[in-house]
Structure formats: structure tokens, C-alpha cells
Amino acid sequence: MKQEKYKARNRLGTGAMYHMMMLPGILFLLVFSYIPMVGVITAFQDYVPAKGMFGSEFVGLKHFIYMFKLPDIGQVISNTLVIAIAKILLGTLMAIIFSILLNEIRFKFVKKSVQTIVYLPHFLSWVVLASVVVNMFSLDGSVNQILAFFGLENINFLGSNTWFQPLIIGTDVWKEFGYSSIVYLAAITSIDPGLYEAAGMDGASWWRKVWHITLPGMLPIILLMGVMSLTNILSAGFDQIYNLYNPVVYESGDILDTYVYRIGLVGRQYSFGTAVGLFKSVIGIVLLLSANELAKKYTDRKIF
Amino acid sequence: MSKNWSITSKQLTKRLAVLSMSALMVSVLAACGGASNPPTAEDAGQYEVTPGDPFSAYKDEVTVTMGRVTTANPKLPAGDTYENNAYTRLVKEAFNAQIKDQFEANGEDYSRQVSLAIASGELPDMMRVDSKDELKELVDNDLIEDMTEVYKEYATDNIKQIYDSYDGRALDNATIDGRLMGLPATSLDSAPTMVWVRQDWLDVLGIKLDADGDGAIKLEDVEKTAEEFLKKDPGQTGKPVGIPFVNTLNTTDYNGSAYTMLGVASTQGAFPQYWMKGEDGSIVYGSTTEETKQMLGVMADWFKRGIIDPQFGTRTFDDITALYTNGQSGIAFGPWHIPDWGLSNTKQMDKHAKFTAYTLEDADGKVNVAHANPSGQFIVVRKGYEHPELAIKIINLFYDKLANDKDVATSMPEAAKYLETGVDGSTRPFNIEVNSATSLLDDYSDIVRGIKGEIGLDQVRTTESKNNIGSIQTYLKDQDTDDLTAWSKYHSRMNGVGLIDKLTQEGKFNWMTPAFSGTTPSMKQTWANLTKMEQESFIKIITGAEPLDYFETFVSNWKKQGGDQVIQEIEAETTSQK
């Protein structure tokens with residue numbers, strides 16, 4: 001008995017303990033990500049809570065067909081895509097620029113304080129931030145007071161279909177760019193300083209160094225982050241939009257999640273809600289896999 | 001590349017298969033734990049001190065979990081909460097039943113909580129549901145107790161009489177397949193949405209509204225007043241705001257009609273969201289009529305001229321209440337009781353604040369109003385709860401004993417204190433009203449005669465009216481009194497109900513009887529979308545994002561996207577009933 005135990009330990013090698021550390025994470029995934037997957041069945045049923053997942057009647061693709069017949073679905077999907085893509089692109093861009101600039105700061109104290117300040121909003125929930133945003137951007141809010149000071153016309157940001165999307169994208173980028181820059185900062189530090197020295201010897205300017213050393217050095221990480229964020233392309237941020245929108249801007253602000261929430265959960269059409277959720281996941285997987293293949297094809301780098 | 005791909009995908013499927021198998025097993029195992037047989041309603045009697053008595057207590061303490069509908073300003077004394085207050089303590093004392101709140105929420109949040117509770121199957125033992133739709137769904141899902149027998153056995157004669165005063169319509173609404181599945185809240189046939197105007201501002205600005213004194217004013221009067229309020233800013237806040245409306249715009253529930261545009265609709269003879277009989281006898285949806293279009297025309301014109309709050313659509317209910325509280329706006333659309341819970345905050349901020357209630361009359365001087373659905377809210381009891389009769393006992397206690405006991409001050413002193421100080425009724429275990437069909441005007445006549453001294457306090461029918469008489473007398477003695485309850489009771493009863501009473505006696509109301517007030521099968525899937533479309537289209541028209549003629553587009557879309565189907569179903573249902 002004792003011997004067998006020893007054997008097992010030997011077979012797993014010294015990494016056994018480290019592998020054990022994965023256990024909580026695996027359990028977490030199992031309980032919160034894989035077990036709920038069984039619920040996907042309800043997307044193909046007319047789900048009745050009392051009859052349960054295995055007692056409800058199967059209706060095939062009825063809910064998916066209904067989804068694509070809904071008059072607003074085109075608009076909702078396009079809102080979702082526009083908002084999500086803009087958030088990914090602008091957010092990444094801001095984070096990259098910010099990390100490159102921050103890396104140039106030599107005073108450690110300044111660097112750390114700037115970092116802390118820009119991280120901060122990431123840790124606040126949208127429930128809190130939404131009221132700040134509403135206060136700033138409402139008709140009598142501070143932004144409009146500033147506009148009025150310069151003699152410009154007041155804008156009802158929260159009630160305007162032209163301004164709502166930029167507002168959503170802008171505030172999200174503001175909230176998250178600091179935090180996502182952490183990864184890029186780490187990538188920059190891993191670049192061999194010898195490269196910069198050599199470039200300096202050759203007379204490269206700051207721009208040249210950024211363009212030919214820093215950015216290529218960061219590329220794998222940028223790629224990785226980009227591919228990973230593609231899975232979320234159909235999740236444009238429920239919390240934020242739910243806390244900021246109102247019926248006036250349904251047209252420009254309604255994303256799949258908020259739409260499904262209202263029509264599906266509040267209207268108690270559970271199967272329909274699940275169908276849309278499943279649709280989102282399938283699109284996410286397809287995008288992830290194809291981006292991964294494309295990355296392999298063009299840059300010879302791949303996540304998995 | 002393709003080779004690579006196929007291998008990973010095979011591995012992936014294998015792993016997924018293993019994972020989902022284990023997931024399945026876990027969920028199956030979990031499902032085994034929950035089965036137990038709760039005692040049935042029939043043998044509940046053995047738990048009681050005197051079985052079958054409408055006010056009997058339990059031998060052993062029982063707990064009851066509830067879904068509670070709260071309100072923003074319940075005026076609870078310090079230290080008391082929704083879960084632990086004079087009323088819940090009264091239930092403990094009377095029945096040995098401890099109330100625990102499973103969730104507390106108001107407005108849309110409450111319906112969300114109910115939806116979630118239904119979805120997860122974890123219902124509180126008792127809760128209020130706010131539509132027949134939800135009631136039906138609970139029955140279809142077999143989640144709630146049949147109350148037929150316990151109602152017969154436990155309800156007091158008084159409670160039965162109250163329900164019967166609606167000619168059976170109240171209980172009918174809660175009856176599905178011949179079984180009483182919930183205890184209905186009653187909704188009085190009251191009146192059109194009123195317009196509450198800051199009287200102290202009118203006085204300051206020297207505006208004389210309603211010159212003929214019949215209590216009804218025209219749209220133009222509202223317009224002019226709003227414009228004056230905007231121009232002269234009598235609240236002296238520096239940022240006056242036009243009339244604010246909620247973005248839900250319409251409702252068929254008179255009690256929930258605060259800040260909606262139903263008042264404006266009535267002047268055009270429009271009944272948005274009601275099912276009406278057309279001239280040819282066919283079913284018509286009120287939101288699609290020519291009259292509704294005219295109403296939207298008025299609203300759009302108002303929005304353009306700034307008479308309506310420029311942030312219309314983006315404000316929440318609480319934002320709007322704040323506008324009145326801050327003195328930024330002085331015209332509010334709503335039912336007779338908003339001074340009790342919405343406008344009373346205004347008085348708190350401004351000692352001299354006074355409101356006068358008016359109704360809006362149409363071009364012919366008539367006040368259009370729709371008959372209310374006698375009950376749209378129901379108290380339901382979770383299937384398997386051991387003491388379904390407790391729901392009826394609580395109703396007996398609050399809507400019979402506490403309401404009618406001549407000597408509440410000594411029999412239930414703590415609760416009596418609550419009534420006296422105007423603690424909001426939402427703090428009772430059930431946030432509903434159970435009143436006879438004529439109670440609103442009956443109570444009013446008691447109050448008026450009580451104030452005039454024509455009848456003594458012991459002749460006043462209800463405890464509430466008795467307290468109201470006291471409060472109103474306090475207010476009449478000193479109109480600048482700090483007594484918030486006195487202020488609100490005077491406004492809601494003398495001003496609000498008083499106006500309804502007057503207009504009823506003068507026969508100024510033009511009643512419309514809705515043709516249908518339930519739900520049909522196809523509404524389950526299409527209604528959420530249709531309502532969204534209606535709300536969005538109306539907001540667009542009002543804010544000028546679309547021209548008035550966009551209404552025709554809305555109507556044709558509405559019909560195409562399921563409206564026609566719903567109308568067919570309603571027609572089938574209404575003709576089959578005959």
C-alpha cells in the first residue's frame with residue numbers, strides 16, 4: 001500500500017504538488033462552466049420549470065427560427081458587434097499606447113502612482129460608475145455645463161441615439177485601459193534591453209525603437225489578447241449598458257444580452273433566452289478557432 | 001493543418017463527452033436530495049389551537065417566507081424594517097407565525113424577482129404576483145396551492161362580502177379551471193388620472209385655474225400653467241423642468257398610473273393599452289386608434305415647446321419624484337393617492353407646498369375614463385407550504401379585524417400607532433388592498449360627515465377613516481403644519497377623492513368598459529416584443545425622432561408582428577363566452 005503510493009508520486013514526478021494546485025480551478029470550471037452546459041438542452045425545448053429539463057417538450061429549432069424572425073434582431077446584432085468591436089479595438093490601442101508611454105517614465109514613484117490611478121476604475125462596478133456617468137452626462141450635468149460655457153448647444157447624451165454608442169464605448173475604454181495595460185507592460189519588460197542599445201548605436205530614434213523593437217516584441221501578447229477577446233465579440237457588456245440605457249436609446253444601445261434579458265427573462269421565455277445564449281457561444285467558438293488558425297497561418301503563432 | 005485539426009477536435013469531443021457525463025451524474029444526484037412529502041392542506045388543522053377558526057393561532061411557531069413589495073418612503077419608525085415591524089410582530093403575536101422576507105423589491109425589480117423565483121422554482125411561501133399572466137403560469141407549472149377550500153373555511157364573512165361586492169369579478173379573476181388559485185387584491189373603479197398642480201405656485205403667480213370651478217380643466221390650461229412655471233420658476237431652483245412623464249407612458253392599472261400620460265389620452269378619448277369594442281363590434285387595441293395618434297400629436301407638440309421635460313424617456317420613476325421634491329416641477333399626473341407616497345416628499349422640503357387636483361376634460365366637457373379591472377394582483381401560496389390557510393388568516397387580520405375593529409387602540413396598540421402616524425400600507429405583510437367596490441366613496445362620506453361633526457367617531461366604519469379624520473382636522477386647523485401625515489391625508493382624501501366624489505355626483509364621467517382584460521396563448525411569445533415596439537415608437541414620435549405619421553407604420557408593424565393574431569384569439573375567446 002505504502003509502496004504503491006510512493007510509486008504514484010514518482011510517476012507524477014515532482015510536479016505533482018503543482019498539478020494539485022490546479023484542482024480548485026478545475027473544480028470551479030466544472031461546477032460553474034461545464035455542469036450548466038447541460039442546460040443548453042432547454043434551447044431546443046418549450047421549457048416549463050415545473051416539468052424540468054428532461055420533462056419539457058422538444059421543439060427543435062423553433063426558438064432559433066423565432067430569433068431570426070424578430071424584427072429588431074438585425075439591429076440588435078449590429079449594435080452588439082459595433083459596440084464590442086469598437087471596445088476591443090480602442091481598448092487595446094489605448095492600452096498599448098499607454099503602456100509604451102508609461103514605460104518611458106523613469107521616476108518609479110510617478111510611474112507607480114499613475115498606474116494605480118488608471119487601474120482604479122476597473123475595480124468599481126458599473127452599478128456605481130453608471131450613476132457617476134449619468135451625473136456627468138445628463139442634460140444638467142457637468143459636461144453640458146462645460147459645453148454651455150463655451151457657447152455650445154447642450155447634448156442629451158443619454159437620450160440620443162447618435163451619442164449613446166460613443167458614450168458607452170468611451171466610458172468602457174476609460175474604465176478598462178489601465179488594467180489591461182498591465183499585460184502589455186509585462187511584455188515590454190521582457191524585451192531584451194540589448195536590442196535597444198544596439199539600435200541606439202545604429203542611431204535609431206525613439207520612434208524607430210518603438211516601431212521596430214517594442215511593438216514586434218509585444219506582438220505575441222497583442223495577438224493572444226486579441227484572439228481571446230474575439231470570443232466575447234457578442235458580449236458587449238451587459239452591466240454597463242443595462243445600468244445606462246433607457247427606452248429612448250434601445251435603438252442604438254440594445255445589445256443581445258440586454259434584449260434577451262428583457263424579452264427572455266423578464267418576459268419569462270426561458271428557452272428563447274437559452275437559444276440566444278447558445279447562438280452567442282457558437283459564434284464565439286467559431287471566431288476563436290478561425291482567428292487562431294489565421295494567426296497560425298500569417299504569423300506562425302498560435303494559442304492552442 | 002487539417003490533420004492537426006482533426007486530432008485536436010477528436011480529443012476535444014472526447015473530453016467534452018466525459019465532462020458532460022460527469023456533469024449529468026452530478027445533477028442527477030443533486031436532484032435525488034430534494035424529494036419529501038409535505039403535509040396537505042387538509043391535515044393542517046391539527047397544528048392549530050382552534051382548528052378552522054379564522055383567527056386561530058398555531059401551537060408551535062411556524063415560519064413563513066415572503067416576497068415583499070416595498071416602497072421608497074414607507075415612513076417606518078426608526079429601528080423597524082419591512083421584516084420586523086408592528087405589522088409583522090402583530091402576525092407573530094396573533095398566529096404565532098414568524099415572517100421572513102425572501103426578497104424585498106419594488107417596481108420592475110419586484111417583477112424581476114418574481115420571474116427569477118418562478119424560473120428557479122424557489123418560490124417564497126407567499127408572495128404577490130402582479131398579473132393574471134403570472135398567476136396562470138404558476139398554475140401551469142403546478143407551483144402554487146389551490147386556495148378554494150381554505151378560502152371557504154377560513155375567510156371571515158366580512159372578507160367574503162368585500163370580494164362579493166365586485167359581483168364575483170374579483171374572485172373570478174383568480175379562478176382557473178374552477179379553482180381559486182390566489183387571493184385577489186381589489187382595485188376600485190376609481191377615476192381618470194388626475195393632474196396635481198402646485199397651488200402655492202399658482203397663487204404666487206396669480207394664475208386662476210379652473211375658473212368655472214367644476215374640477216375639470218382643459219389641455220390648454222395645463223399647457224399655459226406649465227409654460228408659466230417654466231418661465232417664472234416659482235420653485236426658485238434656477239432650473240425649472242417641464243412636466244415629467246415615465247417612459248412606460250401607459251398602463252391599464254389606475255393605481256399604477258402615476259406620471260403616465262393617461263390623463264392626456266383621456267382628453268382625446270384615447271384608451272391606450274385597453275382592449276376595446278370598435279363601432280362594428282370587433283376588438284380594437286386602444287394603442288392603435290386614431291385617438292391615440294391625436295394624443296401623441298399633443299405630446300409631440302408639448303415636447304417641442306419644452307412643456308414636457310426635455311430628458312423625457314431617460315428619467316426613472318425616482319428621478320421624477322425628485323423633480324417634485326426639489327421644486328423643479330409643479331405639475332404631476334397621477335391617481336388620487338400620490339400625495340400619500342410621492343408628493344409628500346415635496347412638503348418635507350417646502351413647508352408651504354400645496355397641491356390641487358384637477359381632471360382633464362375633452363372638447364365636449366366630459367371626463368373620459370375606463371372601468372378598472374377589479375383585480376390584477378394576487379397573493380399566492382407556494383405548493384407544498386404546510387399552512388396555506390395562513391394567507392387567509394393574514395387577510396382576515398389586516399383587512400377585516402384591523403380595518404373594522406372599533407377599538408384598535410387597545411386591542412392592537414402598536415399597529416394602531418402605525419395607522420395614526422401614516423406608516424405606509426406597504427409595510428403590511430401583503431402589499432395589497434382588499435376593499436369593497438364602493439369603499440372609496442363610502443369612506444369619503446364618512447370622513448366628510450366626521451369632520452362636520454354629523455357623525456361621531458364610533459360611527460365611522462373603518463379604523464383608517466377614523467385616523468384620517470383626525471389628520472385632516474389637524475391640517476384644517478393649521479395648513480402650514482409640520483405633520484406630514486396630516487398634509488398627505490388632506491390632499492389625497494379631501495382633494496383627490498373629494499374631486500372623484502364631486503364628479504361622480506355631477507355625472508361628468510364618460511365611462512368606457514374594456515372588452516377584454518386577460519391574455520391569450522400567442523401573447524406569451526409576441527407580447528414582450530409588441531410592447532417594446534409600442535413604447536419605442538411612441539417615444540420616438542413624442543421626442544420628434546419620427547414624424548407623427550410614423551404612427552401608421554407602427555400600427556401596421558404591430559398588426560404584422562403578432563397583433564392581428566392576438567386580436568383573432570381575443571375575438572374567439574369573447575364570442576365563445578357569450
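Convention: sequence-line order gives letters A, B, ...; per-chain numbering from 1.
Atom CD of residue E251(A) and atom CD1 of residue I539(B) lie 11.5 Å apart, to the nearest 0.5 angstrom. Taken from OG in S115(B) to OH in Y261(A), the straight-line distance is 8.0 Å, to the nearest 0.5 Å. Residue N246(A) holds its CG atom at 10.0 Å from CZ of F312(B), rounded to the nearest 0.5 Å.
The contact between Y270(A) and chain B is made entirely by side chain atoms (from C-beta outward), counting heavy-atom distances below 4.5 Å. Interface remark: D254(A) contributes side-chain atoms only to the contact with chain B (heavy atom separation under 4.5 Å). There is no contact between Y245(A) and chain B, counting heavy-atom distances below 4.5 Å. Residue D140(A) touches chain B through both its backbone and its side chain, counting heavy-atom pairs closer than 4.5 Å. Contact annotation for E134(B): both backbone and side-chain heavy atoms come within less than 4.5 Å of a heavy atom of chain A. Contacts of D133(B) with chain A are made by both backbone and side-chain atoms, with heavy-atom separations under 4.5 Å. Interface remark: Q561(B) contributes side-chain atoms only to the contact with chain A (heavy atom separation under 4.5 Å). Contact annotation for Y259(A): only side-chain heavy atoms (C-beta onward) come within less than 4.5 Å of a heavy atom of chain B.
Ranked by non-hydrogen atom pairs under 4.5 Å with chain A, the options I118(B), N557(B), T526(B), T543(B) are led by I118(B). Your options are V248(A), V31(A), N161(A), and the one with the most heavy-atom pairs under 4.5 Å with chain B is V248(A).
By the salt bridge (charged side-chain N to carboxylate O under 4.0 Å, His left out) test, E536(B) pairs with K532(B), sequence neighbours left out.
More than 12 heavy-atom neighbours from other residues, nucleotides or ligands sit within 6.0 angstrom of CH2 on W527(B). Other residues, nucleotides and ligands contribute only 12 or fewer heavy atoms inside 6.0 Å of the CD atom of E122(B). A 6.0 Å sphere centred on CZ of F28(A) holds no more than 12 heavy atoms belonging to other residues, nucleotides or ligands.
For a heavy-atom cut-off of 4.5 Å, chain A lies close to G313(B), T314(B) in residues 313-321 of chain B.
The shortest heavy-atom contact between P310(B) and L139(A) is CB-CD1, 3.7 Å.
At a threshold of 4.5 Å between non-hydrogen side-chain atoms, the residues N529(B) and P71(A) count as touching.
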